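Quantities reported herein were computed from a predicted structural model and do not represent experimental measurements.
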Amino acid sequence: MSNKENILSAALELFAEQGYDRTPTSQIARKAGVSEGLIFRHFGNKAGLLEAIIRQGLALIAESMQPYDDAAITPREAIVQHIERSFRLMRDHETFWRLAHKVRFQAAVQDVAAVQIEQVNAFIVTNLTENFEKAGYPQPQLEALLLFALIDAITLHYLADPAQYPLKAMLNLVRERYG
């Protein structure tokens, strides 16, 4: 792992454990095994570090939404592939999502990153709405909001107890609804 990746990982973990506002960059540097100056060189400041973490999440979300760019598949197939990719990313990046969900509700994070978080949410809902519209759903925006909420809620429940949560069964149920 590169220094930059170590810094991002350490910051996310500490932000989740202690809160964004209660985590000094010096502590992040110690946990990442780098100098504090390196954090500032890579990210400018602590807010820039938080923005980089949010960009990581956006990159994962964008990866889950790639099927919508594939003209060779139907809108319904794209929706199902998006669902499948979302579940795979949830499972494959479990630690990231666990920490990201803890961080996103912190007041200090909302103060610093509210605009970015809203842009991420708008990106997701807009893409989903467009595809539900193409697939002929009568209320595409409501379906988009429902699917977004379902995936988010399933993620939260899965992360609370991955060993016991019926993730595969939930994937099949959501896939049936939209397939």
Side-chain angles (χ1 to χ4, degrees), residues 5 8-23 28 31 46-47 49-68 76 78-132 135 137 139-179:
E5 291 168 331
L8 288 168
S9 178
L12 181 58
E13 187 176 330
L14 289 169
F15 291 165
E17 287 173 4
Q18 302 172 173
Y20 169 81
D21 55 340
R22 293 184 310 276
T23 303
I28 296 167
K31 184 165 185 69
K46 191 163 81 167
L49 183 53
L50 178 60
E51 290 171 5
I53 290 169
I54 292 169
R55 279 194 304 276
Q56 273 187 324
L58 182 55
L60 291 172
I61 292 166
E63 182 182 329
S64 76
M65 300 183 92
Q66 285 176 345
Y68 298 122
R76 276 192 193 275
I79 291 166
V80 169
Q81 284 186 24
H82 170 223
I83 292 165
E84 291 169 349
R85 284 173 179 239
S86 294
F87 277 66
R88 186 173 356 100
L89 288 171
M90 178 191 326
R91 200 178 49 248
D92 292 350
H93 299 276
E94 185 179 311
T95 302
F96 175 84
W97 290 118
R98 177 176 288 108
L99 297 175
H101 277 281
K102 283 183 181 180
V103 168
R104 79 178 187 177
F105 295 112
Q106 295 174 11
V109 170
Q110 291 295 321
D111 291 344
V112 172
V115 171
Q116 265 190 306
I117 292 168
E118 182 52 40
Q119 288 173 342
V120 169
N121 291 342
F123 169 77
I124 294 167
V125 172
T126 299
N127 277 283
L128 290 174
T129 300
E130 288 172 4
N131 281 280
F132 278 117
Y137 282 77
Q139 296 179 307
Q141 186 173 23
L142 292 178
E143 286 293 344
L145 292 169
L146 178 61
L147 180 57
F148 187 19
L150 274 173
I151 291 172
D152 202 38
I154 289 168
T155 301
L156 287 172
H157 286 274
Y158 169 71
L159 294 174
D161 191 2
Q164 298 299 316
Y165 192 77
L167 189 62
K168 186 172 176 112
M170 293 303 287
L171 170 60
N172 291 334
L173 188 62
V174 175
R175 196 180 325 161
E176 283 175 28
R177 171 153 172 80
Y178 291 104

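The two residues Ala144 and Val125 make their nearest non-hydrogen contact at CB-O, 3.9 Å. Scanning all heavy atoms of the two residues, the minimum distance from Pro162 to Glu94 falls at CG-OE2, 3.3 Å. Closest approach of Ser64 to Arg85, counting heavy atoms only: O-CD, 3.6 Å. Contact between Gln110 and Arg104 at its shortest, heavy atoms only, is NE2-O, 2.5 Å. Of all heavy-atom pairs between Leu99 and Glu13, the closest is CD1-CA, 3.6 Å.
The distance from atom CD of Gln116 to atom CD of Glu51, rounded to the nearest 0.5 Å, is 4.5 Å. Interatomic distance, Trp97 CH2 to Leu89 CG, rounded to the nearest 0.5 Å: 7.5 Å. Put simply, CD1 on Ile28 and OG on Ser9 are 11.0 Å apart, with the number rounded to the nearest 0.5 Å. Note that the NZ atom of Lys31 and the CG atom of Leu14 stand 5.5 Å from one another [nearest 0.5 Å]. Atoms CD and CG, on Glu63 and Leu58 in that order, are 11.5 Å from each other to the nearest 0.5 Å. Distance CD1/Ile124 to CE/Met65: 6.0 Å, rounded to 0.5 Å.
Counting heavy atoms from C-beta on, the side chains of Arg177 and Val174 never come closer than 4.5 Å. Looking at heavy atoms from C-beta onward, Ile79 lies in side-chain contact with Phe132 at the 4.5 angstrom threshold. Considering only heavy atoms from C-beta on, Tyr20 comes within 4.5 Å of Leu50 through its side chain. Using a 4.5 Å cut-off on side-chain heavy atoms (C-beta onward), Ile83 and Leu147 make contact. Two residues are said to be in side-chain contact when any heavy atoms from C-beta on lie closer than 4.5 Å; Val80 and Arg76 fail this criterion. Looking only at side-chain heavy atoms (C-beta outward), Ile154 and Leu167 come within less than 4.5 Å of each other. Using a 4.5 Å cut-off on side-chain heavy atoms (C-beta onward), Phe96 and Leu8 make no contact. Here the side chains of Leu128 and His82 are in contact, with some heavy-atom distance below 4.5 Å.
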Next on the checklist: With side chain to side chain contact (heavy atoms under 4.5 Å, CB included) as the criterion, how do Gln66 and Gln81 come out once you've worked through the C-alpha distance, each side chain's angles and the decisive distance to 0.1 Å?
Outcome noted: CA-CA 9 Å; Gln66 285 176 345; Gln81 284 186 24; over 6 Å; no

Item to check | Verdict with supporting geometry, Val120 and Ile61, side chain to side chain contact (heavy atoms under 4.5 Å, CB included) | outcome: CA-CA 9 Å; Val120 169; Ile61 292 166; 3.8 Å; yes

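Under the 4.0 Å criterion applied to side-chain N and carboxylate O atoms, Glu84 and Arg175 are assigned as salt-bridge partners.
Formation of a donor-acceptor pair under 3.5 Å by the Thr126 side chain with backbone atoms of Phe123 is not found in this model. A donor-acceptor pair under 3.5 Å is absent between the side-chain atoms of Asp161 and the main chain of His157, judged by distance alone. Formation of a donor-acceptor pair under 3.5 Å by the Glu143 side chain with backbone atoms of Thr129 is not found in this model.
Taking the six-membered ring where tryptophan is involved, the planes of Tyr158 and Tyr165 are perpendicular, since the angle between them exceeds 60° and thus also 30°.
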